[in-house]
Peer 1: 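Just passing along the structure, written as structure tokens.
Order of the sequence lines fixes the chain letters, A, B, ..., with proteins taken first and strands second; residue numbering starts at 1 for each chain. The basis for the numbers below is simple: all heavy atoms, side chains too, and nothing from hydrogens, waters or symmetry mates.
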Number of protein chains: 2
Amino acid sequence: MAAVTAPKQDRSRATRQRLLEAAVACLAEHGWAGSTVAVVAERAGVSRGAAQHHFPTREDLFTAAVEYVAEERSQALRALPRRDRHEAVAALVDLYTGPLFRAALHLWVAASDEAQLRDRVTELEARVGRESHRIAVELLGADESRPGVRETVQGLLDMARGLGLATLLTDDRARRERVVAQWARLVNEELA
Amino acid sequence: MAAVTAPKQDRSRATRQRLLEAAVACLAEHGWAGSTVAVVAERAGVSRGAAQHHFPTREDLFTAAVEYVAEERSQALRALPRRDRHEAVAALVDLYTGPLFRAALHLWVAASDEAQLRDRVTELEARVGRESHRIAVELLGADESRPGVRETVQGLLDMARGLGLATLLTDDRARRERVVAQWARLVNEELA
DNA sequence: CGAAAAACAATCAAGCATGCCTGCATGATT
DNA sequence: AATCATGCAGGCATGCTTGATTGTTTTTCG
């Protein structure tokens, strides 16, 4: 952790927040290489100097952005409504098609080549992954003591990731819904 | 476009080939931003000037690399041996954990922000995707006339994509094999 | 109210990647 | 054999991004 300063100022906190939000938005829209500190700062409505004040280096900025994304995704996860299994599967998949996942995807790919980011990303992603699994089990009413159930849920989440990856290029919602419907059926039978 | 002429010189063809191979390897190892034309040229054992001679712009180089990767993946796909369903699922998933998929993944993410590349990538990926589906159906001995079978196979391929994406950061083979085993079972029951 | 500290803005220098251009070597054509 | 086209190598200039420095404004606290 770099920031030893506890943010007491409201304006400072707001600026920092806007920078992180802008960083995530830029990641989702322009990707890693396109998310220059100048671009992020402009989108946040502050100067590059301000950005540098809060995050001395570009790496600091996106390291913080990684944690921000992880926290946001975690919140989105906990906010899922609990309904029947089909709705649960659809809701889980939807989490992997939004801008947050898009930003996370760019971060993953970028982190796979930047040694510094990789550790942070893998660690946080493992945390979010475990939380996703836990919540998925809960939403689906799965009994993990039964053999195979754990792997069934994991595979379902991996499928959701794959669908999100496919959505990156072409947002074929119709196909997605058909696959979700069928896999919800499969999972439902397996968990019954 | 300058010389659309068929390459008559052997040396020229070899150089072009090595440049493409180097581009793919660099993509898998250093990602999009790290795959500078200088880096690619050095890995190919040629000068930057030679690289520029064959691919006037960096975009030309990676546009060609996209097609090269698509063709390689297509070949790897057709080379899959046909065994029982469990082996088939494992083989399909394996295709999404190698360097070719890794390179393709970097290309997808990069293409999602570069308008020029996007068209080429989506087009070629659609082709490879269809071929993947066709071969998967064949390997699994699936009867697509039955409702739900098509979506089952599609979801399986999406799961493979998701597993490959997860492998980008942490290569957890044990987890992958467990998931593959379980879902091979589920798919087998569904297709029976 | 005044001073210190923090937040913010703007400019500067350095590094790097791309694209262009020139020069040289090798193979093809007549 | 002569000439031309092609493949290849290296240097040059431009543009962009980053990180550092300096100056200005705002907030906080004595």
Peer 1: Would you indicate which nucleotide in dC8(C), dG7(D), dA9(D) comes nearest to any side-chain atom of His53(B)?
Peer 2: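 For the His53(B) side chain, the nearest candidate turns out to be dG7(D).
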Peer 1: Just by protein heavy atoms under 4.0 Å, how would nucleotides 14-21 of chain D read 5' to 3' in B, S and -?
Peer 2: ---SSBB-
Peer 1: Determine whether the side chains of Glu190(A) and Gln182(B) contain a donor N or O and an acceptor N or O closer than 3.5 Å.
Peer 2: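 There is such a pair between these side chains.
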Peer 1: Judged by modelled atom types alone, do Glu144(A) and His133(A) share a side-chain donor-acceptor pair under 3.5 Å?
Peer 2: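 Their side chains do contain a donor-acceptor pair, which is all the 3.5 Å distance test asks for.
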Peer 1: How about Asn188(A) and Leu140(A): do any of their side-chain heavy atoms sit closer than 4.5 Å?
Peer 2: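 Side-chain contact under 4.5 Å: no.
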Peer 1: For the residue pair Ser145(A) / Asp143(A), report whether a side-chain donor-acceptor contact shorter than 3.5 Å exists.
Peer 2: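 Judged by distance alone, the side chains do pair up.
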Peer 1: Which pairs of donor and acceptor atoms, one on a side chain in residues 17-28 of chain A, lie under 3.5 Å apart (sequence neighbours left out)?
Peer 2:
| unit_1 | atom_1 | unit_2 | atom_2 | d |
| --- | --- | --- | --- | --- |
| Gln17(A) | NE2 | Glu21(A) | OE2 | 3.3 |
| Gln17(A) | NE2 | Tyr68(A) | OH | 3.3 |

Peer 1: Output yes when Arg78(A) and Glu131(A) qualify as a salt bridge under the 4.0 Å nitrogen-oxygen rule, no when they do not.
Peer 2: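 The answer is yes: the pair qualifies as a salt bridge.
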Peer 1: How long is the line joining CZ of Arg18(A) and C1' of dA7(C), in whole Å?
Peer 2: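 After rounding, the gap between these two atoms is 12 Å.
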Peer 1: Rounding to an integer number of Å, can you tell me how far Arg13(A) CZ sits from dA6(C) P?
Peer 2: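 Roughly 17 Å, once rounded to whole Å.
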Peer 1: Without decimals, in angstroms, what is the distance between Trp32(B) CH2 and dT18(C) C1'?
Peer 2: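 The answer, rounded to whole Å, is 13 Å.
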Peer 1: Taking the side chain of His54(B) as its heavy atoms from C-beta onward, which of dA6(C), dA9(C), dG7(D) lies nearest to it?
Peer 2: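 Comparing dA6(C), dA9(C), dG7(D) against the side chain of His54(B), the answer is dG7(D).
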